[in-house]
Amino acid sequence: MNAKLAAPRNGYIDVHTHLFKGDLPQEEEMDLSLRLATAAGVALQIELGNLRLGTPTFARPDPEGIAKVNNHTIKAVQRHPDRFVGFCYLNPANPVSASLEEMERCIVEGPLRGLKFEISVNATSPLMDPIFERARELGIPVLHHAWYNMEGNQEHESTAADVAHLARRHPEVTIVMAHLGGARERGVQDIADCPNVLVDTSGSYPEAGHVEYAVRRLGARRVVYGSDWPCRDYATQVGRILGADLKPEERDLVLRGNAARVLGLEGVHA
Amino acid sequence: MNDLIDVSVWSGHWPFRAVKRREPKELKAFLQGKGVRQAWISSAEAVLYPDPMQGNEPLLEAVGGDEFFLPVPILDVSLPLWRKDAEECVRRFKVKAFKLTPNYHQTPLNDRKVDEFCAFAAEKKLAVCIQLRMMEERTHHPLMKIPPVQLGDLAKLASQHPTVKFLACAAFCRDLPKLREASNVFVEHSLVESPFTLKVALDAVGPERLVFGSHSPFIYYEANLAKLNADPVDVKPEALRAIRHGNAARILGA
């Protein structure tokens with residue numbers, strides 16, 4: 001397993017980024033990502049993978065596709081270990097042995113530090129359970145996609161209620177539920193009684209009021225800044241937090257402290 | 001010194017969102033604190049009231065005589081008295097721009113009434129704001145899903161009324177290329193977002209047609225202010241000045 005990372009001295013931590021613009025070579029995309037992140041005040045970011053390398057639709061990549069995504073992430077982490085924290089992408093519909101072997105390769109023997117789930121399998125599926133049991137053993141966090149899409153969720157796509165179901169089955173695993181802007185008020189209420197779930201602030205446009213609502217319902221220790229770059233813009237998504245009516249200590253937790261705690265960074269007592 | 005002209009803010013209640021600073025007085029204090037010198041304001045209530053004037057009139061009375069606000073009444077051109085109301089707004093309140101919410105009023109941009117309204121706007125030298133959407137479609141109320149106005153339809157309408165200046169409100173980034181040739185359509189950037197927003201928007205519509213708009217109070221203000229902090233390598237200072245205020249003034253003929 002990896003040694004503990006030191007927290008950056010200053011700057012925000014973004015828990016939800018990707019490297020999948022697709023129109024740039026990876027080196028150039030990393031440089032662009034870091035230039036824009038720095039300009040927005042982001043010092044460290046969780047890289048969740050170029051999911052398009054798995055399948056164009058993010059649907060159900062096979063083990064080979066999963067490995068392509070994770071190799072891409074590993075390359076980013078090795079190139080910029082002080083800026084990227086990599087999470088291991090999995091499709092639980094693949095044989096469980098393949099997922100557990102990938103965790104071994106990427107996390108136990110490799111540099112990745114958490115798991116990422118998108119829309120391959122709904123969070124209520126028992127297919128998630130052996131993977132979460134291994135995550136518990138390793139003491140690693142998980143970032144899980146969720147949306148209430150009024151135009152219709154995709155097949156297998158999880159809602160916040162589905163993530164809450166998963167969280168209750170695995171109360172010792174810390175889950176960052178992605179997309180406050182997609183889960184919205186209903187989603188916040190769904191996870192309210194799941195203390196092992198935080199919500200990241202990404203998703204949709206920075207609609208006023210959502211961050212304050214989440215902080216009021218969940219407490220500031222369960223809301224964490226995420227941008228979903230390059231689907232979104234770092235600075236605009238940071239503006240979602242800076243524009244929210246929060247106390248300074250609450251803002252610090254959302255922009256930095258909570259992510260540092262979830263990642264177990266050294267030198268942080270959030 | 002405040003130099004921003006914000007071309008899209010709202011007052012009043014919007015039933016799908018609990019937002020703060022809904023009244024002009026508190027909105028003004030807030031916006032001035034963010035560097036705004038003028039705000040183009042519409043009534044959110046007017047979008048859904050059976051007669052938009054029921055929302056417009058209280059707003060017009062509230063901001064009348066306050067040069068900080070430029071009132072932009074909502075019109076439903078499917079109503080028989082829209083012309084009378086519009087003329088009254090111009091005569092009494094010196095209104096310089098109107099806003100249509102075509103998909104909330106079931107008046108597609110190829111509707112004859114819209115065409116008549118644009119002819120009226122040309123005659124009176126009025127700007128025409130088209131609200132493409134009020135909220136992102138994925139976040140609508142499940143029983144009230146309103147599709148967005150298509151920018152391609154706006155480009156076509158604008159080509160039929162070349163002397164009218166149009167403002168597209170709440171466009172998405174991905175749709176901007178549809179306006180590339182529509183030289184009399186301006187775009188505010190409240191819902192334009194990309195990895196580097198201004199550069200992408202400028203690549204699509206050029207430096208003379210992009211304007212600062214916040215869609216406030218529905219969007220966090222800092223989120224839209226942040227778009228202005230583009231790297232000078234990507235956005236030249238003169239383009240930024242045009243976005244901050246110059247282009248908005250041009251919409252009104254300055």
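Letters A, B, ... are given to chains in the order of the sequence lines, protein chains preceding strands, and every chain is numbered from 1.
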Under a 4.5 Å heavy-atom cut-off, does chain A meet the side chain of [X], its backbone, both or neither?
X	answer
B/Pro217	backbone
B/Arg21	side chain
B/Ser194	backbone
B/Lys34	neither
B/Tyr221	neither

Is it true that atom [atom1] of [X] has more than 12 heavy atoms of other residues, nucleotides or ligands lying nearer than 6.0 Å?
X	atom1	answer
A/Glu249	CD	yes
A/Asp82	CG	yes
B/Gln106	CD	no
A/Arg35	CZ	yes

key: Side-chain (B/Tyr220) to main-chain (A/Gly209) donor-acceptor, under 3.5 angstrom   = yes
Between [X] and chain B, with a heavy-atom cut-off of 4.5 Å, which part of the residue counts as in contact: side chain, backbone, both or neither?
X	answer
A/Ala244	both
A/Tyr234	neither
A/Leu242	both

Of the listed residues ([options]), which shares the most heavy-atom pairs with chain B below a 4.5 Å separation?
options	result
A/Ala235, A/Ser204, A/Pro206, A/Gly203	A/Pro206
A/Arg232, A/Gln237, A/Glu212	A/Arg232
A/Asp245, A/Ile241, A/Val238	A/Asp245

request  = Quick one: do A/Leu32 and B/Phe196 satisfy side-chain contact (heavy atoms from CB on, under 4.5 Å)? Show the steps, please.
outcome  = CA-CA 10 Å; A/Leu32 173 68; B/Phe196 26 179; 4.0 Å; yes
A/Arg184, A/Met150, A/Glu151, A/His210 screened by side chain to side chain contact (heavy atoms under 4.5 Å, CB included) with B/Thr139, the one that passes = A/Arg184
inquiry  = How long is the straight-line distance from CD of A/Glu207 back to NE2 of B/His215, given to the nearest 0.5 Å?
reply    = 7.5 Å
ask   = Taking atom types as modelled, is there a side-chain donor on A/Thr236 or B/Glu193 under 3.5 Å from an acceptor on the other?
value = no
